[in-house]
Each structure stands twice: as structure tokens, then as C-alpha cells.
Engineer: 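The structure that follows is given in the form of C-alpha cells.
These numbers come from a predicted model, not from an experiment. So you know, we letter chains A, B, ... as the sequences are listed, proteins then strands, and number each from 1.
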Amino acid sequence: MSLVEIRGLSKKFGNNVVLDHVDLDIQKGEVVAIIGPSGTGKSTLLRCTNLLEKPESGTITIDGKKYELTTKSSKEKLALRQHTEMVFQQFNLFKQKTALENVMEGLVVVKKLSREEARKIALEQLDKVGMTDRIYHYPKHLSGGQQQRVAISRALAMQPQLLLMDEPTSALDPELVNEVLVTIRRAAQEGNTILLVTHEMGFVKSVANRIIFLENGRIVEDGTPKDIFENPKSDRLKEFLININMLEGLEYSI
Amino acid sequence: MANLFDLELVFAQIPTILQSLPVTLELTAIALVIGLMVGLLIAIIRTNKVPVLTQISIFFVSFMRGTPIIVQLYLAYFGIPIALKYVNFYYGTDYNINGIPGIVFAMVALGLNQSAFDSETIRAAIQSVDKGQIEAAKSMGMSGWKVLKRVIIPQAGSVAILPLGNSLISLIKGTSLAFTCSVIEITAQGKILAGKNYRYFEVYCSLAIIYWVITIILEQILKRLETKVSIPDEVPERDSNGKIIKTKKIKKSTRSLKGLPDPGGV
């Protein structure tokens, strides 16, 4: 059985259908990248998975536990959110807390660990992302790349069964992208299950073991990086890859 | 022209007036707490657009801001006993209306008046909190209450602290109207004193000095509070346990004060 099973996920903004009965299975340890043109619901898919957006319909099963995504019960929402953690495009660190306190926050407040235990875990995680020398820095004292590395260690410290990453490098200066990609790659190699939205195609090619091409709220293609980048089946995917310079124009057939 | 202005008396009667200072402070403290509590409640109701309660809140804030505080004090002073009489009459209860000390009316009126103003400050501060951080807290698995306590209040608090300090300072001075509810705080005490010796101008001079000094002390406290909640401009130095080491600047200045040579560097 898959670790995560999403069934019949639909979301509308007004009359605009963003997600149209999406079904998605994710195996444990898989790194799944969602690609597609802008406005096709990539981020919305992620945000519906932990109920930051409220979908019209859909269920999700994580680790054998089934949740209605339309649930109104805040208890159920909390239970669902504890399976997942999210890394945001804009980092969203708590700006009033130091890097260390940011990573400790969830451990102390949600997991109810003692401050000593939380501190130990947080220091370990910050060490992994190479932030040991900046644990007492506030977000405003850190560069974008450093903030995102703290945000990733904040998410990983909670040991989520599914890590959601919403365009983690899109808000960064080009020269800072790499340090974050290195961090994500390490998280992937450590066996974390990751659902990732990104525009870094080169990175997706080398890190993801599965790619989903989403368009107009539907999954158009689903396959390994090799399938997607070397043998795209649908014309729409070919067109997309040409537009982002990942495919030679000559192979495009009408 | 003898003794047109008795400067000595201005200072000589300050200790007598200060006998009522505890009443002023008590009134201020309780009105402050009522103001912040009710203000926060109204702010939360209005931010979340709770039906019915929002409309009541808007009406309440509009009324409280639209009527003078002295009128509100009279309304509380005469209105609450009338309301209690009705309650006694219709429910057969036996509340002792005359047993309520005047200060209670003043606390209620000043507190509610504060809450109307504070609610708008707090609402603006809540709206200034970055939505992304609220989402981050939610996706971490924090309940709504925890998000409020751990993310919204600390951040909104640091934004609201200046305007709330302003409103606290005006509250202190607002307590001088509590005489209308037969509360003897410092202004009332001064008026009583002047009633005996007819030295009204001197008494008001004494009162001006007292209020000013109280406000200066408050300003200092607020200033410290503000630096405490704000994020430092520079990364503070810490020892191995994570305790903040006082910055070099302070060390340097104390050294030069003592006439010691500056060691230079750390």
C-alpha cells in the first residue's frame, strides 16, 4: 500500500477549476516533483494536502489513516497536519525568533518535547544544513538561502511522513539557489518522502524519482524523469518542455 | 500683592496629594487590564468577522469613541444602579446597590472606554502579522489558540506596544475625571485641599508636576519594554549557554566612565 493516497481532489476558486478530481499515490521514500505551466494548480495541490486551502472534495490516506479533505473538525485538521510539514517559497520563518528557536518551536509546542530535547534535535538539524554558526541569528540577519535552509531543518526536525515543498528556490537570488538545492538533495537521500513543486528542471531531473506534469488541474503525465524529459507522450508536455528549453524544437510534432 | 503665588506650597502639598496616588494607580491598572482584555476580544471578533458579535462590537466601539469619557462615567455611575434595581425588581434578587464603591463604576467606564480604542490598535496590529508565518504555524500542526499565543500575539504585540503605550498615558490622565463617580484620586484630593485654603492655582501646579512625573516614568518603562520585544539590529553575542552577552558598546562606555583604558576589540 502507498504511504499517501489522494483521491478525487477538486478545488475551485470561484468559477475557475484549479484541480479536477486529482488522484495521486506516493510511495514511501519517493521524491515526487510536480511540474507544469503557471496557474495549473501545482501549489494548490500541495496546499490542499495539508488544508491550507479548503478543497471542494477529496480524501487523503496517510500511513493507513484516512481523512476527508473537506473536514470541518479542527481536531481532524490538526491530526492530518501532523503527518506533513511544509517548506514555503517565502521561507515564512517566525521573524521574532532566532534560527534555533524557529526549529525548536514545533518540537516544543506541537510535539511537546522538553526544551532540552528540542534543543538537541534542533542543533542536530541545523548542523545538517550547515547553519551551526548562525543558530542565534534572527531571520532578518540571514540571507534568503540561509533562511530557507533553516526552514527546511525546521520542517525535517518534526520528522514528517510527507514533506511538502512549494517552490522552495523561487524567491532566491540565483547564486543562493544551489545551497538550498544541496540541502533538499540531502533530505531526499536520507529517505524522506517529498512532494515538490519547482521550476528547477535540471534539479528535478537529477533528484526526483518521479515527475508529474499537471495541466488545467489534471495530471497529464506521470513517470520517471527519463520518461518525462526524453520520451514525452502528450503534445502539451512537449510544448511545455520546448518553452522551458528542455526539449529540442525539432522533436515537436503536431 | 503679597503672596499672589505661593511656590513653596506647590511642593509642600505634594505629599498630601500623593496619599491618594494608590487610588489613581489602582484605577489605571484595572482599567488597563479591562481595556486590553476586552479590546483583544473585540479585535479577534472583528478580524474573524464573527456574525452578530461583529455588529455589536462595531456599535460598541462607535459609541465609546463617539461620546465623551465624562458622559460615560456618569452613565456608568447612574446607569448601573438603575439596571441593578430592575434586576432586583424582576428577578427578586437583593443586590445592595448602595454598597457598590464608586471606584467600580469608574473602573468599568474607563476600562470599556479604553477597550474601544485598544481594539482598533490591536486589530491593526493583528492585520500586520505576516500571513505566511500564520500558515507556517498552522502547517506545523498548531491549533488556532496556539497560533494566536505563539505567533500572532507576540508579533502584533511588538507592533501595538507604542500606540498602546500612548493610550495608557491618556488613561492615567483620564482617571482625573473619576471624581464624578465620587472616587478620591489625586485630582480629587487636590480639589479638596484647595477647597480648604483657596489655593487652586497652586494645587493644579502640584497636580501637573505629579502627572508629568508619572508619565515620564511610564515612558521610560515603555521604552525598555519596546527594546525588549524588538528584534535587535545586530546579532547579539552569546555565551556557550546561549545567554546574551551585553554588547561591547555598553562595556566601553562604562569603562570610559570609570576612567579605565579602553582595551580595544573584544
Engineer: Checking side chain to side chain contact (heavy atoms under 4.5 Å, CB included) for the pair Asp130(B)/Lys95(A): CA distance, chi angles, key distance, verdict?
Structural biologist: CA-CA 9 Å; Asp130(B) 172 24; Lys95(A) 65 172 184 183; over 6 Å; no
Engineer: Surrounding CD of Glu190(A) (heavy atoms of other residues, nucleotides or ligands, distance under 6.0 Å), is the total greater than 12?
Structural biologist: yes
Engineer: Looking only at heavy atoms, which two atoms of Arg154(A) and Ala136(B) are closest? And how far apart?
Structural biologist: NH2-CB, 3.5 Å
Engineer: With a 4.5 angstrom heavy-atom cut-off, which part of Lys146(B) approaches chain A: side chain, backbone, both or neither?
Structural biologist: side chain
Engineer: With a 4.5 angstrom heavy-atom cut-off, which part of Leu51(A) approaches chain B: side chain, backbone, both or neither?
Structural biologist: neither
Engineer: Does atom NZ of Lys49(B) have more than 12 heavy-atom neighbours, drawn from other residues, nucleotides or ligands, at distances under 6.0 Å?
Structural biologist: no
Engineer: What pair of heavy atoms forms the shortest contact from Gln82(A) to Gly141(B), and how long is it?
Structural biologist: NE2-O, 3.7 Å
Engineer: Would you indicate whether Phe59(B), at its atom CZ, is surrounded by more than 12 heavy atoms from other residues, nucleotides or ligands within a distance under 6.0 Å?
Structural biologist: no
Engineer: Are there over 12 heavy-atom neighbours, none belonging to Gln159(A), within less than 6.0 Å of that residue's CD?
Structural biologist: no
Engineer: Are more than 12 heavy atoms, taken from residues, nucleotides or ligands other than Arg185(A), located less than 6.0 Å from that residue's CZ atom?
Structural biologist: yes
Engineer: Below 4.5 Å from any heavy atom of chain B, which atoms of Arg134(A) appear? Answer side chain, backbone, both or neither.
Structural biologist: neither
Engineer: Please rank Phe91(A), Tyr138(A), Phe94(A) by heavy-atom pairs under 4.5 Å with chain B and give me the top one.
Structural biologist: Phe94(A)
Engineer: Select one option (side chain, backbone, both, neither) describing which atoms of Asp166(A) are under 4.5 Å from chain B's heavy atoms.
Structural biologist: neither
Engineer: Quick one: does Glu105(A)'s side chain get under 4.5 Å of Met142(B)'s, heavy atoms only?
Structural biologist: yes
Engineer: Under 4.5 Å heavy-atom distance to chain B, tell me which part of His141(A) shows up: side chain, backbone, both or neither.
Structural biologist: side chain
Engineer: Using a 4.5 Å cut-off on heavy atoms from C-beta on, say whether the side chain of Asp233(B) contacts that of Lys140(A).
Structural biologist: yes
Engineer: In Å and rounded to the nearest 0.5 Å, what is the CG to CD distance from Leu52(A) to Glu135(B)?
Structural biologist: 5.0 Å
Engineer: Can you measure from OG1 (Thr98(A)) to CD1 (Ile231(B)) and round to the nearest 0.5 angstrom?
Structural biologist: 11.0 Å
Engineer: Around Lys97(A), counting heavy atoms of other residues, nucleotides and ligands shown, do more than 12 lie under 6.0 Å from its NZ?
Structural biologist: yes
Engineer: Quick one: CE on Met140(B) to CG on Leu107(A), what's the gap to the nearest 0.5 Å?
Structural biologist: 8.0 Å
Engineer: Mind checking whether Phe88(A) and Ser139(B) have side chains closer than 4.5 Å, heavy atoms only?
Structural biologist: yes
Engineer: Is a side-chain donor-acceptor pair under 3.5 Å present for Ser158(B) with Gln96(A)?
Structural biologist: yes
